Every structure is written in structure tokens, then in C-alpha cells.
Enquirer: 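Right, I'll just put the structure down here and ask away after.
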Amino acid sequence: MKRMAHFSESLPNFVLIFLIVVVCSMIEPSFGNFTKYAEINWGDGRGKIIDAGRGLTLSLDNSSGSGFQSKNDFLFGRFDIQLKLVPNNSAGTVTTFFLASQGSAHDEIDFEFLGNSSGEPYTVHTNVYAQGKGDKEQQFKLWFDPVATFHTYSIVWNSQRIIFLVDNIPIRVFNNNGAFGVPFPTSQPMRVYGSLWNADDWATQGGRVKTDWTQAPFVANYRNFKINACASSSSNGTCESGSGDPFSNQGWQTQELDINGRNRLRWVHQKHMIYNYCTDFVRFPQGIPAECKRSRF
């Protein structure tokens, strides 16, 4: 880096401008490129990157599920993926898209899609872990059929808040209430993960409906994987775009809900939320968690 800096100082300005233009024009657009930004990390061949890196499939049978992870760790960012869930009788299966760090005091931001019997809707399960502590579940039923076509699921994570979005509609906001003693993920870099696995001991109707292995293999489809985030490996602390575009929108760094976003969130909570830990007084007889007393926006 020092040699490059010394070299650049010796160049006339017009030459520097020319070199910058040439380098930027040579950057290959790689929106959704799993080959470049992800790797299959378990499943013994059940996960496959397909369509020249533009898509990925995960499968589950009675021997194993499968999963992938991003090649890099990130500290804050926006993470988008399109997903078509397991069709037909998906009871007992869990398809995921989440961020996580390592260790017992790990941080984690979860999208989990809990399968159901044929004709019954999926449950979208969200959770946030900070310093190894979770128990912040909110669950939703979607307003569309998530197995008929691809839909976009997004996580915005900045130092002020976490926003969960479905087709760019906010379904949940988890604010940084560290000033009130509520842990928030601020310092541990996380990787992006996806997985498909069996959880019939709890996933469908509390475990009452088991996985029907005659329907195996179960397959979930992912595509359009986009990362616009701060790479933890960046030596100067700047944000690097996983989409390959050095001029990607960095608005996520301060993103919050505007009036339209707040109205959409209210609509989701009124019409499609089926569980909120903040209103589970049986679970918290000594009083609801501190963040539940703050604004949900």
C-alpha cells in the first residue's frame, strides 16, 4: 500500500483520473453471484451452486440437510436474497437465511421459514441474538404463497437498528437500546448463512406434525444473493460492496423507516403477526423486556 501511494504521488492528475476510469470499467458486475461470494459449507453434496453462479439449491433427506455461507465476514450492511421455499408438504422442515458470528457469546440475526402441511401457510420466524442471548422472537404469516415464485428477503443491520424486510416491506425493526441495558450486535463480524434442515421436534405446530420422509428430498431455491456491507477484512474500515459495484448505495448505514415504511409495518403487525415476545406476559411474568417498552420503529 505504501509503494502504491508513493507511485500515485508521482503521477500527473490526468493520468490518475484515466487509471481510475479504466479500473472501474473493468469491474465485473456480479449481482447474485454465489460462486464468487458464497460456498457450500455442509450437506455432503446436497447443496449445489447452479446456473453459472446465479442460483443455489439446498436439499434435505432423512440423512442430512445442507447449507451455505458467505466467504467473508461483515460488520453492518444490507443483505438481500431471493428465495423460493420447499413446496407441498414441508412440515418439519426449516429453511433459513441469517447472519451469525462464532462462539458462545455470538450475535445472530435470523430469518427462519417453518414448513407446514400441504395447503397450510409457512410461518416466518425472526429472532435477534446479542452476546449469546436471544429470546426475542416475532413470527408472521406471509400475505402471498412463498413456494409459487421467488420473493426477496432482506436484513438491514446498522449501528442504530436492524430491519427485516420482505419484498422491501418492513416486517420488523429491532432498535439499538444499548443505553437502556439491552444488548445489540455492534462489534462482532458476522457471515451470511442459508440452510435447510429437519426440526420436526418443534418447527410445525410445536412439533405435533412430523416430517413425511416419503416426500424427500425437500428442495429450497435461492438466487440473487446481494451483499452491500462493511467487510471486516477491510484494513481502512471502509465498506465494500459484495455485489461487485464500488458505487452501490450505502443508504443502509443510516436507514430507518419513513412514514410509508411505518404504515406498512403497522399493517404487517396488525394483519400478519402471529407471535410477539413483547406481548407474551405468561413467558415474562416479572415484566416484559426493556426494549418492548420503547418505540417499535
Side-chain angles (χ1 to χ4, degrees), residues 27-39 41 53-54 56 67-83 96-103 105-112 124 126-131 134 136 151-178 183-195 222-258 261 265 297:
I27 293 175
E28 178 184 358
S30 49
F31 179 90
N33 193 316
F34 284 97
T35 303
K36 186 171 183 178
Y37 295 107
E39 57 193 1
N41 64 327
R54 290 185 289 271
L56 182 147
F68 71 89
Q69 66 181 21
S70 62
K71 292 181 179 179
N72 295 315
D73 300 281
F74 303 93
L75 187 62
F76 306 128
R78 175 166 178 145
F79 309 86
D80 303 88
I81 204 160
Q82 289 192 323
L83 179 57
T96 71
F97 170 56
F98 66 102
L99 311 178
S101 63
Q102 301 299 311
H106 75 291
D107 295 339
E108 189 171 324
I109 305 170
D110 291 339
F111 261 120
E112 295 183 325
V124 180
T126 65
N127 203 354
V128 175
Y129 287 76
Q131 301 172 23
K136 303 182 186 303
H151 290 269
T152 303
Y153 304 91
S154 308
I155 296 170
V156 173
W157 169 39
N158 59 42
S159 60
Q160 297 88 42
R161 63 191 57 83
I162 295 163
I163 307 174
F164 296 79
L165 302 107
V166 176
D167 290 336
N168 218 35
I169 295 174
I171 67 168
R172 179 177 186 179
V173 176
F174 184 81
N175 288 305
N176 184 349
N177 284 300
F184 186 88
T186 56
S187 60
Q188 298 189 70
M190 295 194 267
R191 291 197 181 201
V192 187
Y193 294 90
S195 61
Y222 297 76
R223 73 179 187 188
N224 288 346
F225 181 39
K226 184 177 181 181
I227 299 172
N228 191 359
C230 295
S232 66
S233 58
S234 176
S235 59
N236 59 7
T238 60
C239 293
E240 299 176 2
S241 170
S243 67
D245 179 2
F247 302 111
S248 291
N249 178 20
Q250 303 295 325
W252 58 263
Q253 295 183 15
T254 56
Q255 186 169 340
E256 58 184 340
L257 299 190
D258 58 13
L265 184 72
F297 303 121

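All of these numbers come straight from a predicted model, not from anything done at the bench. Hydrogens, waters and symmetry mates are skipped; everything else that's a heavy atom, side chains included, is used.
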Enquirer: Could you list the residues that satisfy side chain to side chain contact (heavy atoms under 4.5 Å, CB included) with N177, not counting sequence neighbours?
Expert: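 Once residues adjacent in sequence are excluded, the partners of N177 under the side chain to side chain contact (heavy atoms under 4.5 Å, CB included) criterion are N175, F180, V182, E291, R294.
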
Enquirer: Classify the side-chain pair E112/T96 by whether it contains a donor and acceptor separated by less than 3.5 Å.
Expert: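 Absent: no donor and acceptor within the cut-off.
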
Enquirer: Excluding sequence neighbours, so at least two apart, what forms ring pair (Phe, Tyr, Trp, His ring centres under 6.0 Å) with F111?
Expert: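 Ring pair (Phe, Tyr, Trp, His ring centres under 6.0 Å) list for F111, sorted by chain: F113, Y153, F164.
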
Enquirer: Of all residues at least two apart in sequence or in a different chain, which pass the side-chain hydrogen bond (donor to acceptor under 3.5 Å, both in side chains) check with Q188?
Expert: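 So Q188 forms a side-chain hydrogen bond (donor to acceptor under 3.5 Å, both in side chains) with S101, D107.
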
Enquirer: Applying side-chain hydrogen bond (donor to acceptor under 3.5 Å, both in side chains), can you list everything that pairs with E39, at least two apart in sequence or on another chain?
Expert: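 Expected list: Q69.
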
Enquirer: Would you compute the distance between atom CD of Q255 and atom CG of N158 and round it to the nearest 0.5 angstrom?
Expert: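 These two atoms lie 7.5 Å from each other.
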
Enquirer: I'd like to check the side chain to side chain contact (heavy atoms under 4.5 Å, CB included) partners of Q102; sequence neighbours left out, ordered by chain and number.
Expert: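 Result, side chain to side chain contact (heavy atoms under 4.5 Å, CB included) vs Q102: Y193.
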
Enquirer: Check side-chain hydrogen bond (donor to acceptor under 3.5 Å, both in side chains) between S70 and all other residues, then give those that pass, not counting sequence neighbours.
Expert: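 S70 satisfies side-chain hydrogen bond (donor to acceptor under 3.5 Å, both in side chains) with no other residue.
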
Enquirer: Hey, can you tell me if F225 and F68 have their rings parallel, tilted or perpendicular (30° and 60° cut-offs)?
Expert: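 Because their plane-to-plane angle is over 60°, the rings of F225 and F68 count as perpendicular.
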
Enquirer: How long is the straight-line distance from CD of Q160 back to OG1 of T186, given to the nearest 0.5 Å?
Expert: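 Rounded to the nearest 0.5 Å, the OG1-CD separation comes to 11.5 Å.
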
Enquirer: How would you list, by chain and number, every residue that makes a side-chain hydrogen bond (donor to acceptor under 3.5 Å, both in side chains) with D80, sequence neighbours excluded?
Expert: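 side-chain hydrogen bond (donor to acceptor under 3.5 Å, both in side chains) check on D80 returns R78, S154.
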
Enquirer: To the nearest 0.5 Å, what is the distance between CD1 on I155 and CG on D110?
Expert: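 CG of D110 is found 7.5 Å from CD1 of I155.
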
Enquirer: Would you please name every residue forming a side chain to side chain contact (heavy atoms under 4.5 Å, CB included) with D258, sequence neighbours left out?
Expert: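 Scan of D258 (side chain to side chain contact (heavy atoms under 4.5 Å, CB included), adjacent residues dropped) gives N260.
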
Enquirer: Any side-chain heavy-atom pair from F98 and S195 closer than 4.5 angstrom?
Expert: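 Of all side-chain heavy-atom pairs linking S195 with F98, at least one is under 4.5 Å.
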
Enquirer: Under the rule for side chain to side chain contact (heavy atoms under 4.5 Å, CB included), what residues qualify as partners of S159, not counting sequence neighbours?
Expert: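 With neighbours one apart ignored, the set is F76.
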
Enquirer: Between W157, W252, F74, which is the residue that forms a side-chain contact (heavy atoms from CB on, under 4.5 Å) with C230?
Expert: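 Only match with C230 under side-chain contact (heavy atoms from CB on, under 4.5 Å): W252.
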
Enquirer: Dump the intermediate steps for side chain to side chain contact (heavy atoms under 4.5 Å, CB included) on K136 and F174, then the final yes or no.
Expert: CA-CA 9 Å; K136 303 182 186 303; F174 184 81; 3.5 Å; yes

